[in-house]
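These notes concern the structure reproduced below.
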Amino acid sequence: MAKNLLIVESPAKAKTIEGYLGPDFLVKSSYGHIRDLVKGDDAIDIENAFSQKYEVPSEKKAVVEELKRLAKKAEIIWLATDEDREGEAISWHLAEVLKLPDDKIKRIVFHEITKPAILSAIQNPRQIDYDLVRAQQARRVLDRLVGFELSPVLWKKVKPSLSAGRVQSVAVRLIVEREREINAFTAEAQFRVTAVFRVDGKAVLKAELPRRFRQVEEAEEFLASCISAEFKVNSLEVRPAKRSPAAPFTTSTLQQEASRKLGFSVSRTMLVAQKLYESGKITYMRTDSVNLSDTALEGARQEISKAYGDKYHKLRQYKTKSASAQEAHEAIRPTYFGQHTVEGDAAAQRLYELIWKRAIASQMSEAQFEKTSVKIGISTREEELQAEGEVLKFDGFLKVYMESTDEEDENTSEVKGMLPPLNQGQSLELEQMQATERFSRSPARYTEASLVKKLEELGIGRPSTYAPTISTIQKRGYVIKEDRDGKPREYRILTLPTPDKTQSLAKFPEGKIKKETATEITGAEKNKLFPSDVGAVVNDFLMQHFNGIMDYNFTASVEKEFDEIAQGMKEWTRMLEDFYGPFHKNVEETIENAGKATGERELGLDPVSGKRVAVRIGRYGPFVQLGESSEEEKPRYASLRGSQSIETIGLEEALELFKLPKKIGSFEEKEMQVNIGRFGPYIQHDKKFYSIPKDMEPLDIAEEKAIEIILEKRKKDAEKTIKTFEENPDVKVLNGRWGPFIAFGKQNVKIPKGTDPASLSYEDCVKLSEEAKANPKSKPKRKKS
DNA sequence: CAGTGAGCGAGCTTCCGCTTGACTT
């Protein structure tokens, strides 16, 4: 039996470490935290110095029992959890739950999973740092108090089951405020002048006027003044430039880059990364550190020299910028730099490749350029046109990796190419000059990944919680991730043309400026985060009553206090008292005094009936109310649709909603009706529902069109049907998305492997259905009734 | 896959951070 039991947080880590240590060591994992505050409201005794009641959750019982058993037999228990606040607390919980006496405990830490690092850690054990543990308890207690006092206020004042918390509420705030900025934004038009010159008879040199024109007349005047102008190179400047690689990935930068380059959601990224980690391909994927271990630096150096040559290597040590970083792990990197690709599904391969490239590139030399700026004089004007070119002299890290950006600014997205050979004073022949109307752009909506970036900048949340936070705010219905169509927008283009390419512009007959309008699509969004009305109402409520918690600096300021506790400079109960006193008073006052938050907005009067029209949120979401509630008459209600919001909807648009449901004639002697449901517009006919294609306006659908849609759907259903039964029309064998299955009334029944769906009899279906009923899918739902 | 939206009251919801399964449609 091993004399030593070493406990880490992650089982994958445990497996690796076991290989480094001899048979005297048994290495096990705690699977993260083993205890948490009890579920209900009595977890924290506020009167009694915030003393906490912990319990081992049921899914952790087996782990704890096993560790208990092993700890009993071991002489020394090495607590090797992560070197941060949470890790220290896990060690303390282990000591408590496993009832480990102080003289059997040795607390050790290491930042990289290598044999020398672990052996050296074992040479330098310490005891549990209780100040750090208290800092964690303060963090845990504060989060529970905030979450479990604030959420019930929302249940009373907005609607049940909502939630609020130190992290999620600020995440929602960012999205709500950004949406309002976008709504308040008015695009300003400016004319941007570009010119193309011919050099040696070829149209090659593109230049731009640095200044923009607000008025179309100014732009026109500028172009007109260029008609008979001569152009020449006023100055030519060549200077070297270089670009350095980005640091290796942290959780947040990996999520951002995987979103931009691979289109992964943050949760998908984490799922795939977890698999790569478990199979030993990459280091730990939940980290805020950009640091690489010495062995990693050496591994990267060797690989770069081997694959690209020594001159491509440059040793770089990165420093983590974020003040909130706890740096218990390395940056995310491949375990072995020699392995350029991995097996597995496409997602794993692509994510690995991204991680490998980024980590390798981070140890490579700069890319070197030669930048040329040209200023072109116009004989008739003071202004100069500018052209810029770039030549790559040495690719350096660009050989493997190029970081992408969120902003695809039209001014920078044009790849700067090489310029033709030019001399100072050289005359240039104008091919074409254009003034194009361009519009200023509103701030960008958040994607999941750009929200993570922002949260990290604010020091809010941790690598392990970015993905869960984003799914929480969506699950609560505060935020919706979706695509939205853009709107067409016209813009003007003024062109100075040369009708005949051989003819110079000066000779162009009347020098007429061609004016055109073109159309572009603006405001189209893909996978962006939009606030819901509930999100906005909850946000405004919290902003009004709990300003302190909603402050972007709240986390940063409590973190500072947690640090002071960790350093033994501050009493943790004192910190909590100072926070909780005023906070709790505020909660009570708000419950007492605040009215219901509905976000109600009056839109005006219905021109037809003269009744009041108002929007607000209710139990079932945002809706319009037409008329007041009174003895004689009830108001009419209509739910808002799709992307409509109580904040932006207008009177006319709101009244449109009362045109539905609408009867549109009959078919097969049954009435048809159009309406809009949870999944979009549909036609209802004979108790059945037929969804209306996305590109059709439900209000425009007439009898004929509706019948067409019904028949279409019936045809499609018939194609999907493999078999029906005379015994019971509710039972069918259908071809589904995942293959054939039995539709048994409302119940879907799987067909066992190896069974030919076409050969099933009605009796078989009944039998299979009953079997399925007898073995219901056990959902891993935590609960007790 | 509709509609509903008053008010009562029982019993429920809820936080953040650390980990990995066992679930399938």
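Everything quoted here is computed from the prediction, not taken from an experiment. Labels below follow one simple rule: chain letters A, B, ... track the order of the sequence lines, proteins then strands, and each chain is numbered from 1.
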Mark up nucleotides 15-20 of chain B, 5' to 3', with B wherever a protein heavy atom is under 4.0 angstrom from a base atom, S wherever such an atom reaches only the sugar-phosphate, and - elsewhere.
BBBBBS
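Cation-pi contact between A:R144 and A:F148: present, with separation from the ring centre below 6.0 Å and deviation from the ring axis of at most 45°. Cation-pi geometry between A:R173 and A:Y552 is met: under 6.0 angstrom from the ring centre, within 45 degrees of the axis.
The distance from atom CD of A:Q625 to atom P of B:dT4 is 12 Å, rounded to the nearest whole Å. Regarding A:Q673, its CD atom lies at a distance of 8 Å from the C1' atom of B:dA2, rounded to whole Å. Protein atom CG of A:L657 is 16 Å distant from nucleotide atom P of B:dA2, rounded to whole Å. Atom CG of A:L542 and atom P of B:dT14 are 16 Å apart (whole Å). For A:K275 and B:dA22, the NZ to P distance is 14 Å, given to the nearest whole Å. Between A:L640 atom CG and B:dT4 atom P the separation is 15 Å, expressed in whole Å. Taking atom CD on A:E66 and atom P on B:dG21, their separation rounds to 13 Å, with Å as the unit.
Distances shorter than 4.0 Å separate some side-chain N or O of A:N675 from OP1 or OP2 on B:dG3.
With respect to A:E86 and A:R462, no salt bridge is recorded, no charged nitrogen being found less than 4.0 Å from a carboxylate O. With respect to A:R85 and A:E88, no salt bridge is recorded, no charged nitrogen being found less than 4.0 Å from a carboxylate O.
Within 6.0 Å of NZ on A:K275 lie no more than 12 heavy atoms contributed by other residues, nucleotides or ligands. Heavy atoms from other residues, nucleotides or ligands lying under 6.0 Å from NZ of A:K670 number 12 at most.
Contact of the A:T472 side chain with the A:Y478 side chain is not registered, since no non-hydrogen atoms from C-beta on lie closer than 4.5 Å.
A:Y690 has its ring centre no less than 6.0 Å from the ring centre of A:Y682.
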CA sep, side-chain torsions, deciding dist, call: A:D606, A:K611, salt bridge (charged side-chain N to carboxylate O under 4.0 Å, His left out):
CA-CA 5 Å; A:D606 174 16; A:K611 285 179 186 164; over 6 Å; no
Would you tabulate the pairs of protein nitrogen or oxygen atoms and nucleotide nitrogen or oxygen atoms of nucleotides 5-10 of chain B closer than 3.5 angstrom?
residue, atom, partner, partner atom, Å
B:dG5, O6, A:S639, OG, 3.3
B:dG5, N2, A:R619, N, 3.1
B:dG5, N2, A:Y620, N, 2.4

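Among the atoms of the strands shown, none is found under 4.0 Å from any heavy atom of A:L142.
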